Amino acid sequence: MDNVIKTVNLSLGYRDDKPVITDCNLKIKSRDFAFITGKSGSGKSTILKSLYGEILPRAGEIEVCGMDIKNISSTRLKALRRVLGIVFQDYRLINEWSVEKNVMLPLLIGGFSKTICVKQAHKLLKHVNLLHKAQRYPMELSGGEQQRVAIARALAHNPVLLLADEPTGNLDEYSSDVIWSILKSAKEQLGTTVVVVTHKIPTTLGLEYKHFFLESGVLYEVP
Amino acid sequence: MKSLKNHFAVIFPLLVLLFAFQFTKGLDSVVVDYEEKIIDEYSILLVTAKDFKYEELYTLSSKVKNVEEVSPKKVLDNLKKDISAENISLIQLALPKFYSVKLSSFPSDKERVNIEEKLLKAKGVKRVEAFSKTYNQIYKLLSVAKTLTYIFASIIGVIALLLMLKQMRIWVLEHKERMDIMTLFGAAFWMKSAVLYRLALVDSLFSTICVVLFFWFVPKYKLIQEFADDIGLIVPTIDPLKDGVLLLAISIFFALISVSLVMLKVKNEQP
């Protein structure tokens, strides 16, 4: 699989309103680290949502991990989501579940045994330096810690592609740096393809990356 | 407290539903008991010019269970005081045969008329007397009560299902965030709804235990027993195992149907 993500003249929108994205051409290869930037409300998150099938395209083509999202069945969509890791700006952790169980979620969905799930969850929690808080609940953690749990969850099942929507949007500078270093290590150590939607690219990333800029509904690749 | 309220909102309609079912079942068994009781006492009198055997009558109506000849001896003994022995012998020869025909179950009006017509058409049958009026009134009353209870139980069933559906909708809203997150990670339908199914099963089990205990202990109360004896009824008792399993199956069926209907609706709404 050459391109993990490929969109051609993609048009996206909500209900019957004017399209948010009119001409999106995006090619991201395996093990790439890519940023999609743009002003607030420009449609960055909309592109990301289309990559995991939450929004279906109005026109154009969209292929993620070799699957045609435009004509995807619900069974195939589930299969696709099981090989993706998604990180949200608002973390979206399950508050009734412990940190450990939250990280285990993609593995439980994948049907792994509890022993494997716990082992992998502990490995990831150690990676994000939160193993000591495995039995805590999300509401007992700070925003930065919750986002680290969300990243651990997104990486738990060794996803082919990690999609992150403003992962540092609600965090202070220190917490943001920690998050960037975890995302960087996901690419370097696990070989995961990472696509991050953000309004600001960190200056201290120390990593080769692709940069796409979104303006007036059109996506440009920044050389 | 909120959790208890949520459980009670499912347990209550389930309890009402199970009570209605068990009550209907109990009334049904009272009517069946009464039917058996009156069918033992009930018979059709057949006046014939010739001898009849059970087989002959059975070919006319399969409801015929037994036939007994009624001896005219008592009538003749009364006449002996006023009539000479010679004339008595002549009367005895001229007298028709009387048969008491027992049926296998208590006939409806239509069945009774049908049996009467068939018996009358048989060669040698002079008269058929069904004596139905006395039994019919009470039997009809019980049958009407039984039908009304069925209708009542059906209405209760529909209302209970609607109440449960409403509560399931509330459960779904409470669990919506978790289910949405699981959907985004590709969770299967059963996995997302497992919690709701588990809650529904627990509430079904609790409701069944309550109803079984009620119907187990209430008929044992002296007051209830005395009342039943007074009106000549046998209070139906519950078999904790057999009836309990049936009640559990009903409550689980209704609870699972409610969860499934709501979850299927949610499934179609989710991205």
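Model, not experiment: these values are computed from the prediction.
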S.K.: May I ask you to check whether over 12 heavy atoms, not counting those of A:Tyr14, lie within 6.0 Å of atom OH?
M.R.: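 Enclosed.
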S.K.: Rounded to the nearest 0.5 Å, how far apart are CZ of B:Phe185 and NE2 of A:His157?
M.R.: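 Interatomic distance, B:Phe185 CZ to A:His157 NE2, rounded to 0.5 Å: 7.0 Å.
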S.K.: Please find the pair of heavy atoms, one from A:Ile109 and one from B:Gly186, that lie closest to each other, and give the distance.
M.R.: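 In terms of heavy atoms, the two residues are closest at CG2-O, 3.5 Å.
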S.K.: Between A:Arg92 and B:Ile181 (side chain of the first, backbone of the second, donor and acceptor by atom type, cut-off under 3.5 Å), is there such a pair?
M.R.: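 Such a contact is absent between A:Arg92 side chain and B:Ile181 backbone.
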S.K.: Looking at B:Leu173, I want to see if its CG is surrounded by more than 12 non-hydrogen atoms of other residues, nucleotides or ligands under 6.0 Å.
M.R.: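 Yes, because the 6.0 Å sphere around CG of B:Leu173 holds more than 12 heavy atoms from other groups.
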S.K.: For atom CZ of B:Phe12, decide whether the heavy atoms of other residues, nucleotides or ligands shown that lie under 6.0 angstrom number more than 12.
M.R.: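 No.
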S.K.: For B:Phe189 and A:Lys78, work out which heavy atoms get closest and say how close.
M.R.: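 In terms of heavy atoms, the two residues are closest at N-NZ, 4.4 Å.
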S.K.: Quick one: pull up CD in B:Glu177 and CG in A:Leu93 and give me the separation to the nearest 0.5 Å.
M.R.: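 If I round to the nearest 0.5 Å, the distance is 9.5 Å.
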S.K.: Please identify, among A:Glu96, A:Lys49, A:Arg153, the residue contributing the most non-hydrogen atom pairs under 4.5 Å to chain B.
M.R.: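 Result: the option with the highest number of such pairs is A:Arg153.
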S.K.: Does atom CZ of B:Phe19 have more than 12 heavy-atom neighbours from other groups under 6.0 Å away?
M.R.: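 Result for CZ/B:Phe19: enclosed.
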S.K.: Rounded to the nearest 0.5 Å, how far apart are CE of B:Met182 and CD1 of A:Ile94?
M.R.: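 If I round to the nearest 0.5 Å, the distance is 6.0 Å.
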S.K.: Hey, is NZ on A:Lys187 packed in by over 12 heavy atoms from elsewhere, all under 6.0 Å?
M.R.: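 Yes, because the 6.0 Å sphere around NZ of A:Lys187 holds more than 12 heavy atoms from other groups.
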S.K.: Counting only heavy atoms not in A:Lys210, do more than 12 sit closer than 6.0 Å to its NZ atom?
M.R.: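 Yes, the 6.0 Å shell around NZ holds more than 12 heavy atoms from other groups.
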S.K.: Is chain B contacted by the side chain of A:Leu56, its backbone, both, or neither, given a heavy-atom distance below 4.5 Å?
M.R.: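 When you check distances to chain B, no heavy atom of A:Leu56 falls under 4.5 Å.
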S.K.: How about B:Trp216: does its CH2 atom have over 12 heavy atoms from other parts shown lying under 6.0 Å from it?
M.R.: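 Open: at most 12 neighbouring heavy atoms sit under 6.0 Å from CH2 of B:Trp216.
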S.K.: For the CG atom of B:Leu184 and the CD1 atom of A:Ile86, what is their distance to the nearest 0.5 Å?
M.R.: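 These two atoms lie 5.5 Å from each other.
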S.K.: For chain B, which of A:Val83, A:Leu108, A:Asn95 has the most heavy-atom pairs under 4.5 Å?
M.R.: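 Winner by heavy-atom pair count: A:Leu108.
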